[in-house]
Amino acid sequence: MRVLLTGAAGFIGSHIQQALERAGHEVVAIDLMLAAAHGPEAPAPLGTHHLDVRDPEALDSVLPGIDAVCHQAAVVGAGVNAQDAPAYASHNDLGTAVLLAAMDRAGCRRLVLASSMVVYGEGCYRAGGSVVAPPGRTTADLRAGRFEHRDPATGGELEWATVEENAPLHPRSLYAASKLAQEHYAAAWATATDSTVTALRYHNVYGDGMPRDTPYSGVAAIFRSALAAGAAPRVFEDGRQMRDFVHVRDIAAANLAALEQPLDRFTALNVASGHPVSIGAVAGILSAAHGGPDPVVTGEFRSGDVRHIVASPARARQLLGFAAAVTPEQGLAEFATAPLRELVAVGAPAWR
């Protein structure tokens, strides 16, 4: 199969390219080489086209003969500043719309889209066996160290549960809004063109080659960078926030499975390890494997943070036969000494 891979030089994209080529597929790699992802003036890797997915003529030059597109290119992060909104809309959403139009012109009808758990907003919560929509945590509660969501009926603590793909979608950041918009464009395109889209909702991705501590990196990289500097990882709240951490090799394997097994029209799938772990435990595993220092639970908080979000990986297993091979305990211990991507943080990219 001949696959166009966008964002091929990035952390996740580079692992996907390796997995596709090992499986015998031909990869046409493209990347804009944004400074926010690669550092200033970084050259494109050998064999990678320096190309902007917002450029229709450039896409028309590489799409003929392509069997499927694996779309990883995106501005990532939580949206550090409200002024970053145009960058997210331009690179993520306009870029996806231009790509979809170019795929239609080329007659390419198969897309695998990198989406994210952030489209859900809060995770799933239960009280007495029933799903409950949490009303949100107040600043007063957070300052008092009451970090769990409360049942609006009883005031008792809500229990977290796994999130399935049919959960309500409530993006809470600029990045999340852009990822959900990508899904909506792709779903509408699939209907209009009788095409197939598999949207892979990645949970907390980590692994070798991850960028060092930047406003756009995940908490695992932030902890890892602190340890490399000889500092203790600083854990917010009480460290009991639950997440699912999935190794980048498993992300690559999920993309390979999705490309080789196109599903009907638009299908969204969680991509997760299936092994929930607390943020405090993540810091502890990394510290132990790195040789310390021990994490510090600070009680600090950010008012917009999600308390718990853990995926159900059942649908990906059912439809793709995909199951993560790396547990967080194994992968995080390896990640504690894995090489990270050297990067000078330069802020959000320009959007024009």
Side-chain angles (χ1 to χ4, degrees), residues 1-10 12-34 37 44-75 88-115 178-201 251-252 254-269 319-320 351-352:
M1 181 164 48
R2 197 160 185 256
V3 178
L4 178 68
L5 174 61
T6 75
I12 293 174
S14 59
H15 283 270
I16 292 173
Q17 181 170 357
Q18 293 169 17
L20 295 182
E21 290 176 344
R22 283 195 299 267
H25 299 295
E26 179 185 355
V27 177
V28 177
I30 67 174
D31 201 296
L32 184 54
M33 303 304 296
L34 287 171
L46 184 66
T48 298
H49 300 272
H50 191 167
L51 189 153
D52 190 339
V53 294
R54 299 170 300 175
D55 184 340
E57 292 182 0
L59 289 174
D60 288 343
S61 72
V62 293
L63 270 167
I66 293 294
D67 299 304
V69 173
C70 185
H71 185 30
Q72 306 297 312
V75 175
Y88 284 97
S90 177
H91 289 277
N92 296 3
D93 303 333
L94 175 62
T96 298
V98 172
L99 174 63
L100 293 170
M103 290 177 66
D104 180 51
R105 290 193 297 275
C108 181
R109 301 295 180 215
R110 293 170 59 183
L111 174 69
V112 174
L113 173 67
S115 187
S178 74
K179 297 309 286 184
L180 183 54
Q182 283 185 308
E183 286 197 12
H184 286 164
Y185 275 111
W189 172 83
T191 299
T193 62
D194 194 24
S195 301
T196 68
V197 176
T198 303
L200 301 178
R201 291 174 179 166
I251 293 290
N255 276 271
L256 176 61
L259 285 163
E260 293 183 338
Q261 301 177 63
L263 304 173
D264 292 337
R265 292 294 173 89
F266 178 87
T267 305
L269 299 173
L319 297 182
L320 293 181
W351 59 275
R352 289 182 175 85

| message | Among residues at least two apart in sequence or on other chains, which ones pass side-chain hydrogen bond (donor to acceptor under 3.5 Å, both in side chains) with His15? | response | none
| request: Using salt bridge (Lys or Arg N to Asp or Glu O under 4.0 Å) as the criterion, list what pairs up with Asp264, not counting sequence neighbours. | output: none
| remark: From the list Glu183, Lys179, His71, side chain to side chain donor-acceptor pair (under 3.5 Å) partner of Ser115 resolves to Glu183
| query | Is there a donor-acceptor contact under 3.5 Å from the side chain of Gln72 to the main chain of Gly7? | reply | no
| remark: Sorted by chain and residue number, the side-chain hydrogen bond (donor to acceptor under 3.5 Å, both in side chains) partners of Thr196 (sequence neighbours excluded) come out as none
| task | Look only at the side chain of His49 and the backbone of Ala29, and say whether a donor-acceptor pair between them is shorter than 3.5 Å. | result | no
| request: Can you sort out the partners of Glu26 under salt bridge (Lys or Arg N to Asp or Glu O under 4.0 Å), two or more places apart, ordered by chain and number? | output: Arg2
| message | For the backbone of Ala73 and the side chain of Thr6, can you confirm whether one donor and one acceptor N or O come within less than 3.5 Å of each other? | response | yes
| query | Within the side chain of Asn92, is there an N or O that forms a donor-acceptor pair under 3.5 Å with the backbone of Val75? | reply | yes
| query | Asp55: what forms a salt bridge (Lys or Arg N to Asp or Glu O under 4.0 Å) with it, not counting sequence neighbours? | reply | none
| task | List for me each residue that meets salt bridge (Lys or Arg N to Asp or Glu O under 4.0 Å) alongside Asp67, sequence neighbours excluded, and say none if there are none. | result | none
| request: Using modelled atom types only, decide if a donor and an acceptor are shared between the side chain of Asn255 and the backbone of Ile251 within a distance under 3.5 Å. | output: yes
